[in-house]
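Structure first, commentary second.
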2 protein chains.
Amino acid sequence: MTHHDTATKLLDAAEQLFAEQGFAETTLRAITQKAGVNLAAVNYHFGSKEALIQAVFQRFMDPFSEAITKQLDQLGEHEEMVTLEWLLGVLVALAIGNTEKEQERALIFFRLAGLAYTQSQDHLRRFFKQRYAALFERYLRLLCNALPEIPPTELFLRSHFALGSVIFTLQGFTSMQQISQQDFGNPLGLDKVVERLLPFVVAGFRAPYGAS
Amino acid sequence: MTHHDTATKLLDAAEQLFAEQGFAETTLRAITQKAGVNLAAVNYHFGSKEALIQAVFQRFMDPFSEAITKQLDQLGEHEEMVTLEWLLGVLVALAIGNTEKEQERALIFFRLAGLAYTQSQDHLRRFFKQRYAALFERYLRLLCNALPEIPPTELFLRSHFALGSVIFTLQGFTSMQQISQQDFGNPLGLDKVVERLLPFVVAGFRAPYGAS
DNA sequence: TTCTGTTTTAAACGTACGTTTGAAACCTCT
DNA sequence: AGAGGTTTCAAACGTACGTTTAAAACAGAA
């Protein structure tokens, strides 16, 4: 089933190490060692470290982006009557997955997303914009349908605010989990946190506009 | 007035470069060159690059932390009747400042905060926890007073959500500014964004709890 | 001025990085 | 079995990093 060819092994090792340590901090020597392959393999199969970083993101984003597109396509003619809850629900369901394995990988995904936003990797930002901007715009248009009382410029901002809540929270999830555990004795699962994140974001999106 | 001694020049150069490129990506050679001092100056005055990073944060955080403490102290006996808007207002006013110069530096601060959260600099997380955890707990306690209908564990989470919105948004502020400009033709000042960020966060904090 | 401690300087050190190389190993056809 | 193309491998390359060093420059007190 899983070929476990060298390229795949490299992607597996890289995504985990990148998520743990960041891009600049993760060396090709660490990646190739974890993957159990030769140091030169990265440059042979991907060309460079930058290209490997992009490949890691692409492997995450492409299925995600495709799944969202499929969901949005199913709307058909009913685009006008879509709700905020439905839109966010689609994202959440696809992002966090069902099985424990999937959720574990979702955390890596969020951590990487946070890194992509933070680290000055300009090539990554260009890559994202070029490849996924259209999807974001389509989603934003639906958001405008769902919340017609909020102007589009404000929804653009609020989607960034919401994205910030989610990525920031989930990228530091494991460490926050520890803090929360020792402060309150509550073990928190990823799904539990998302369950509590959602009302926060929904309320933020629905906040009355113009009421200074 | 400003001594502009070597250590200060180094902190000035370092905080700007760190904010632009991240910690690992900024070399001591770049810092010392920008500061116009000798390469060895960092190790002479601070001991190491890590220590310089901490010093940069300390110069930002200590006055900020002190100012907040002073504001909270002024509450005196009225701690019980503090409002959410007042608590957030204190933070906002102190964080973004008044003059344009202050706001410019505030952006650097947010960018650094985002970096500190994202990059795996464990020494920084330890430094933060050890030095500012008490203040955060005090603030959280006041938040519980202001929103007694929301349980503390939930407020702990929501404060992380809110922090995420703010830091995530403002750390990528300049790039978002460009996108927003070209998409909607709106030039956005920092104060304008914060003005729109605040209702989002307030609504999130006030979201009814338990209404799944 | 001379002495003493501090600061600055140019140069070098050792290390670790991403990348390149050329030969060996492997695979797949005929 | 052997040729040809692909993949792996150990080794090395060149570069850039953080740090150290030892001498020079500077400062203030005696």
Side-chain angles (χ1 to χ4, degrees), chain A residues 1-59 112 115-116 119-124 126-127, chain B residues 1-59 112 115-116 119-124 126-127:
Chain A
M1 193 100 310
T2 52
H3 272 67
H4 268 318
D5 55 351
T6 302
T8 306
K9 281 194 261 180
L10 280 172
L11 288 172
D12 290 341
E15 80 174 28
Q16 197 164 332
L17 289 176
F18 283 152
E20 285 170 10
Q21 324 178 9
F23 303 119
E25 295 84 353
T26 302
T27 69
L28 294 190
R29 283 172 173 81
I31 293 172
T32 50
Q33 188 182 337
K34 188 181 184 79
V37 304
N38 187 269
L39 166 62
V42 169
N43 287 278
Y44 177 76
H45 285 281
F46 297 94
S48 70
K49 187 182 180 183
E50 271 202 0
L52 174 65
I53 295 176
Q54 291 191 11
V56 166
F57 268 93
Q58 195 161 338
R59 194 171 64 147
L112 288 176
L115 284 174
Q119 312 226 165
S120 62
Q121 309 271 357
D122 274 345
H123 70 100
L124 251 185
R126 267 181 276 116
F127 172 74
Chain B
M1 191 101 314
T2 51
H3 275 69
H4 268 316
D5 55 350
T6 301
T8 307
K9 280 194 262 182
L10 279 172
L11 288 172
D12 290 340
E15 80 175 28
Q16 197 164 330
L17 289 176
F18 283 152
E20 285 170 9
Q21 322 178 10
F23 303 119
E25 294 84 353
T26 302
T27 69
L28 294 190
R29 284 172 172 81
I31 293 172
T32 50
Q33 185 181 337
K34 186 180 185 79
V37 305
N38 188 271
L39 167 63
V42 168
N43 287 278
Y44 177 76
H45 285 281
F46 296 94
S48 68
K49 188 182 178 182
E50 269 202 2
L52 174 65
I53 295 176
Q54 290 191 13
V56 165
F57 268 93
Q58 195 160 339
R59 194 171 65 146
L112 288 175
L115 285 174
Q119 313 226 164
S120 62
Q121 308 271 358
D122 274 345
H123 69 100
L124 254 185
R126 268 182 275 115
F127 172 75

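Chain identifiers are assigned alphabetically (A, B, ...) following the order of the sequence lines, protein sequences preceding nucleic acid strands; residue numbering begins at 1 within each chain.
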### Query
How about A:Gln33: does its CD atom have over 12 heavy atoms from other parts shown lying under 6.0 Å from it?
no
### Residue pair A:Asn38 / A:Thr6, side-chain heavy-atom distance below 4.5 Å
no
### Query
Can you find a heavy atom in the side chain of A:Thr26 that is under 4.5 Å from one in the side chain of A:Gln16?
no
Which nucleotide in the set [options] lies at the smallest distance from any side-chain heavy atom of [X]?
X: A:Thr27; options: C:dT19, C:dG18, D:dT19; result: C:dG18
X: B:Tyr44; options: D:dT19, C:dT20, C:dT8; result: C:dT8
X: B:His45; options: C:dT8, D:dT19, D:dT7; result: C:dT8

Output the rounded distance in Å from [atom1] ([X]) to [atom2] ([N]).
X: A:Phe46; N: C:dT20; atom1: CZ; atom2: P; result: 16 Å
X: A:Leu52; N: C:dC17; atom1: CG; atom2: P; result: 15 Å
X: A:Asn43; N: D:dA12; atom1: CG; atom2: C1'; result: 14 Å
X: A:Leu17; N: C:dG18; atom1: CG; atom2: P; result: 12 Å
X: B:Lys9; N: C:dT8; atom1: NZ; atom2: C1'; result: 11 Å
X: A:His4; N: D:dT8; atom1: NE2; atom2: P; result: 15 Å
X: A:Lys49; N: C:dA16; atom1: NZ; atom2: C1'; result: 12 Å
X: A:Gln33; N: D:dT8; atom1: CD; atom2: C1'; result: 17 Å

### Query
What does A:Thr32 touch in the nucleic acid at a heavy-atom separation under 4.0 angstrom: a base, only the sugar-phosphate, or nothing?
nothing
Euclidean distance, [Y] [atom2] relative to [X] [atom1], rounded to 0.5 Å:
X: A:Glu15; Y: A:Leu52; atom1: CD; atom2: CG; result: 10.5 Å
X: B:His45; Y: B:Thr8; atom1: NE2; atom2: OG1; result: 9.5 Å
X: A:Glu25; Y: A:Phe23; atom1: CD; atom2: CZ; result: 9.5 Å
X: B:Phe18; Y: B:Lys49; atom1: CZ; atom2: NZ; result: 6.0 Å

### Task
Any chance you could list the contact pattern along nucleotides 10-15 of chain C? Use B for base contacts, S for sugar-phosphate-only contacts and - for none, protein heavy atoms under 4.0 Å, 5' to 3'.
B-B---
### Query
Quick one: is C:dT8 close enough that its OP1 or OP2 comes under 4.0 Å of any side-chain N or O from B:Thr6?
yes
